[in-house]
Amino acid sequence: MDWYRGHPHHIQYKWHEGFVAWLFHRITGLLLILYLFLHQWVIATLQNPNTFDATMKAVENPIFKLAEIGLWLVASYHAVNGLRVILVNFAGAAERSNYKGNVWIFWVIFAIVFVAGAIPMFMYL
Amino acid sequence: MALHVGDKVVFKIFRYDPEKDKAPYYKDYEVEIRREGMMVLTGLNQIKWEQDPTLTYRRSCREGVCGSDGMNINGVNTVSCMSHIEDYNSNVLVIKPLPGFPIIKDLVCDFEDFFNKYYVVKPYLIEKNPPPGRERLQSIEDRERLNGLYECILCGCCSSSCPSYWADPDYLGPSAMINAARFVFDTRDEGSDERLDAVNNIHGVWRCHTILNCISACPKELNPTKAIGMLQKEILKRTY
Amino acid sequence: MMYMRGFIDRYQGSGKSGEWNWLFQRVSGAALLVLLLGHFFIEHFTGVQIDYQTVSARLASTGWKLFDLTFVVFALYHGINGIFMVIEDYVHSGWRVFWKGFFWIVGVLYLVLAAITILPFKG
């Protein structure tokens, strides 16, 4: 009786606000844990002052600075959306009347937080 | 887009007869608007009665009470008897069976798994003590807490719209859980401990990722996400 | 198959119902909001030149050691628990035990790595 269960053509649903927010939350979460592993590994291998300073010089490169702003994008998204999830769980931020509007409010807050953090990062680019 | 009597709308319908077809396909039907505010189910009936009697779908009361005709119309789950054709603002309606459910034929899905999960939460009043006096009375305020929980018609739209439900075959789903909440928050009920036990596991309330698809799907305008949140808070309250 | 599923679920880890993990995922998330903002502010926003001198001087103090260790513990817990949620979502065979065990080991190893990186700094 399991005909077609799980077939991609069958599971196709119109994207809506909450679904997109969740999808990005999951992707950014996986990116962040990957970054954490990488970050910790790099720091752990830099025990000697010379290699440490050499690597820090290398990451002063604008390409790394831009990647850093990408990291801020991912991290601030995950942080602000995580706060929204907590509000949905504990503060009733998903009433029928406002559940879609709240996701849009969250997008605006995320944009403000991201830009506010990205400006100083661009200044030291 | 306003539709008028005499206009034509195309229904693109998912067809699959496992005894004949190797793979599902879509078939186009033309439906004539014969009345202002015509429902999708009326269009399906028109096809079945006048064009193609082999088209299979469930329907019964045609007024949103029996919950038989849950289906996916233009990407959103709903019951076809409660959705106006003109609300979709489109000349073409793509009609599919509920996603994530096994298909029996055309728009008819297998609900066995869905109802087994419904029975897991014991969706009936559990009595431990005999009623005080002649019957169990409930104050108006206590009764009002059940508004938004008791109206569920078990159409399967919410569970079928939930990505957690598609991914995890053991997930109870929003529908079973809103029905659990309906009895847990009923003051007359005395079995809330065993009911909360049934939903307090990784395939129960903690599997909800607040994706909110269930809210947008529910044709009875209920809020399963909120109901799951109420259950989560109740379990946390009883543990700590 | 159904029996196997029950078997896997029963032995899936210490947090049997998932309640504690769910709650602490929120708690650690809220804590990370503060810790991450602090971490980002120090490392990326102030524009101070980051070299071995300044970093080791900062890490020599117990307060900063505590801050960074708390940050690592919360971040690792939050991240690995998040991976567990993804595994529970999509892996339903015996592989679930394997993947969860794998990430348990990775988590513990990284915690040890963080401790031996942060703790030895002296002023």
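Chain identifiers are assigned alphabetically (A, B, ...) following the order of the sequence lines, protein sequences preceding nucleic acid strands; residue numbering begins at 1 within each chain.
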Inset, instruction - Decide if atom OH of C:Tyr90 counts as having more than 12 heavy atoms of other residues, nucleotides or ligands within a radius under 6.0 Å. - result: yes
Below 3.5 Å, can you tabulate the donor-acceptor pairs from side chains in residues 101-121 of chain A to any protein atom, sequence neighbours excluded?
unit_1, atom_1, unit_2, atom_2, d
A:Asn102, ND2, A:Ala93, O, 2.5
A:Trp104, NE1, A:Glu17, OE2, 2.9

Legend entry - CG-CG distance between C:Leu36 and A:Leu32, expressed to the nearest 0.5 angstrom: 8.0 Å
Inset, instruction - Against chain C, work out which of A:Leu83, A:Leu34, A:Ile86, A:Asn89 has the most heavy-atom pairs shorter than 4.5 Å and name it. - result: A:Asn89
Inset, instruction - Under 4.5 Å, counting heavy-atom pairs only, tell me which of C:Leu32, C:Leu76, C:Val72, C:Ile118 racks up the most with chain A. - result: C:Leu76
Legend entry - A:Phe24 atom CZ, neighbour heavy-atom count above 12 within 6.0 Å: no
Legend entry - Residues in residues 36-43 of chain A that sit under 4.5 Å from chain C, counting heavy atoms only: A:Leu36, A:Phe37, A:His39, A:Gln40, A:Trp41, A:Ile43
Inset, instruction - Measure C:Leu109 against the heavy atoms of chain A and call it side chain, backbone, both or neither at under 4.5 Å. - result: neither
Legend entry - Pairing residues for C:Asp68 by the salt bridge (Lys or Arg N to Asp or Glu O under 4.0 Å) criterion, not counting sequence neighbours: none
Inset, instruction - Kindly give the heavy-atom pair with the smallest separation between A:Leu30 and C:Ile83, and that separation in Å. - result: CD2-CG1, 4.3 Å
Inset, instruction - Determine the minimum heavy-atom distance between C:Gly79 and A:Ile33, stating which atoms define it. - result: CA-CD1, 3.5 Å
Legend entry - Partners meeting side chain to side chain contact (heavy atoms under 4.5 Å, CB included) with A:Ala44 (sequence neighbours left out): C:Leu113, C:Thr117
Legend entry - CA sep, side-chain torsions, deciding dist, call: A:Val85, C:Gln25, side-chain contact (heavy atoms from CB on, under 4.5 Å): CA-CA 11 Å; A:Val85 170; C:Gln25 186 77 348; over 6 Å; no
